[in-house]
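Heavy-atom basis, side chains included; hydrogens, waters and symmetry copies ignored.
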Amino acid sequence: MINYHNKNVLVCGTARSGEAASALLKEQGALVTMKNISEKPPANKFDIIIQSPGIPFELVEDSASYVIGEFELGSQFYKGDFLAVTGTNGKTTTVMLLHHILKHVGEANLAGNIGVPLCSLKYSEIPCVVEASSFQLETIKTFKPRIAAVLNIAEDHLDRHKTMENYIKAKERIFENQTEEDFLILNYKDEFCKNMANKAKSKIVFFNTGEEKLFDEEKLKLVGKHNIENILAAQAMAKAFGISDDIIKNAIHSFEPPEHRLEYILSIDNIKFYNDSKATNPNSTIHALNSLKGSIVLIAGGKLKQTDYAELRPHFKNVKSIIVYGEASNYLSEIWANFNVIKADFNDIAKLAFKEKAENVLFSPACASFDLFENFEKRGLAFKDLVKNLGGANK
């Protein structure tokens, strides 16, 4: 591990992860400069740069000889095992479920894209469940999970990675430091994931929706076929970690679904409202559409991503109407023109959806939130407020 003592270090980003990285570096005797950057820092001024996941790597890569993220920095000081999950969709649900399973046998930390910054967990010796994004994996050096999983790969973040090949390579870094003693859990039904098996040194375990399940689907609180894959991934990781089948089964049955991920809100006049604000790409919305039974009013919109929204069209068979809002509304109403598309202001979407009288109202935007909201969480909370204000609600 690099010696940080007396090194000039630029920490990019002043949010929680930046604060945690700065505190750890100062403890190691580093000379820390902390700031948000919007342009390339001057070359040779810093020995080390701690890159924020929100800042493109090419903005800082030539400005210091050693560039890593807070994620990598924190992992260098962590003493326990990592159980790490990446993929395009389902990461948060899977890591929260896996953390829930591990808590049934002892203590466990939760970090990365969810939970606390890794740098704040320095020297901890208990297992750590980590959600790893492509942005975080871009700048790893030594990060090595004992158990890693890649859930699925679909088009996403191409504005940052430029090509699917670059995006997949970033995801594959999750297992690049693994050895024959480690485990890699892969989705057998995803061709991109299957191909990764040939590139890894670790022990490969595939999960498959056709395999024997340790759980009873009737007892699950998670909704949707895609969540079966997430559960199977967590199940495989827990088994590889040595947890018994009975403990895994009981933990899965007691798990409560996380907020903003095909989250049931309430019913009004037998119309069920779902908040799927975390669906920030078409693939996530496809999963949600295929998970609900009965007629659907889909609410979509936000800030467009560089991906193909026409791929949603074959999945509209149960969709009675589509309400579009925000920056994407003109584009989506054009590309889905042969369906019943209604353009609306965000504040009117729940009211208009209710008037359509389908069995389900699905808020699954398929777009980023940044046109109107700081993040998908605030977007989801705003939608839930709109639904609860409709009146006459019966939970």
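Every side-chain hydrogen bond (donor to acceptor under 3.5 Å, both in side chains) that His315 has, sequence neighbours left out, goes to Asn290. The side-chain contact (heavy atoms from CB on, under 4.5 Å) check on Phe354 picks up Ile268, Asp269, Ile271, Phe273, Lys357, Leu390, with sequence neighbours excluded. In this view, Lys225 satisfies the side-chain contact (heavy atoms from CB on, under 4.5 Å) rule with no residue, not counting sequence neighbours.
With 3.5 Å as the limit, one finds a donor-acceptor pair spanning the side chains of Glu131 and Thr92.
Enclosure of atom NZ in Lys169 is not indicated, since only 12 or fewer non-hydrogen atoms of other residues, nucleotides or ligands lie within 6.0 angstrom. Counting non-hydrogen atoms of neighbouring residues, nucleotides and ligands closer than 6.0 angstrom, the NZ atom of Lys249 reaches no more than 12 such neighbours. For Lys351, the NZ atom sits in a loose shell: 12 or fewer heavy atoms of surrounding residues, nucleotides or ligands are nearer than 6.0 Å.
For the salt bridge (charged side-chain N to carboxylate O under 4.0 Å, His left out) condition, the pairs that include at least one residue of residues 10-34, sequence neighbours left out, are Glu27-Lys122. Sorted by first and then second residue, the side chain to side chain donor-acceptor pair (under 3.5 Å) pairs involving residues 372-386 (not counting sequence neighbours) are Glu259-Lys384, Glu263-Lys384, Ser277-Arg379, Glu374-Lys378. Sorted by first and then second residue, the pairs that involve residues 312-328 and meet salt bridge (charged side-chain N to carboxylate O under 4.0 Å, His left out), not counting sequence neighbours, are Lys303-Glu327.
By the 6.0 Å and 45° rule, Lys194 does not stack over the aromatic ring of Phe206.
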request  = Starting from the C-alpha separation in whole Å, work towards a yes-or-no answer on side chain to side chain contact (heavy atoms under 4.5 Å, CB included) for Phe192 and Met164.
outcome  = CA-CA 11 Å; Phe192 292 117; Met164 275 296 286; 4.1 Å; yes
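Looking at Glu172 and Lys199, a side-chain N of the basic residue comes within less than 4.0 Å of a carboxylate O on the acidic one, giving a salt bridge. A salt bridge is defined here as a Lys NZ or Arg NE, NH1 or NH2 lying under 4.0 Å from an Asp or Glu carboxylate O, and Asp182 with Lys144 meets this definition.
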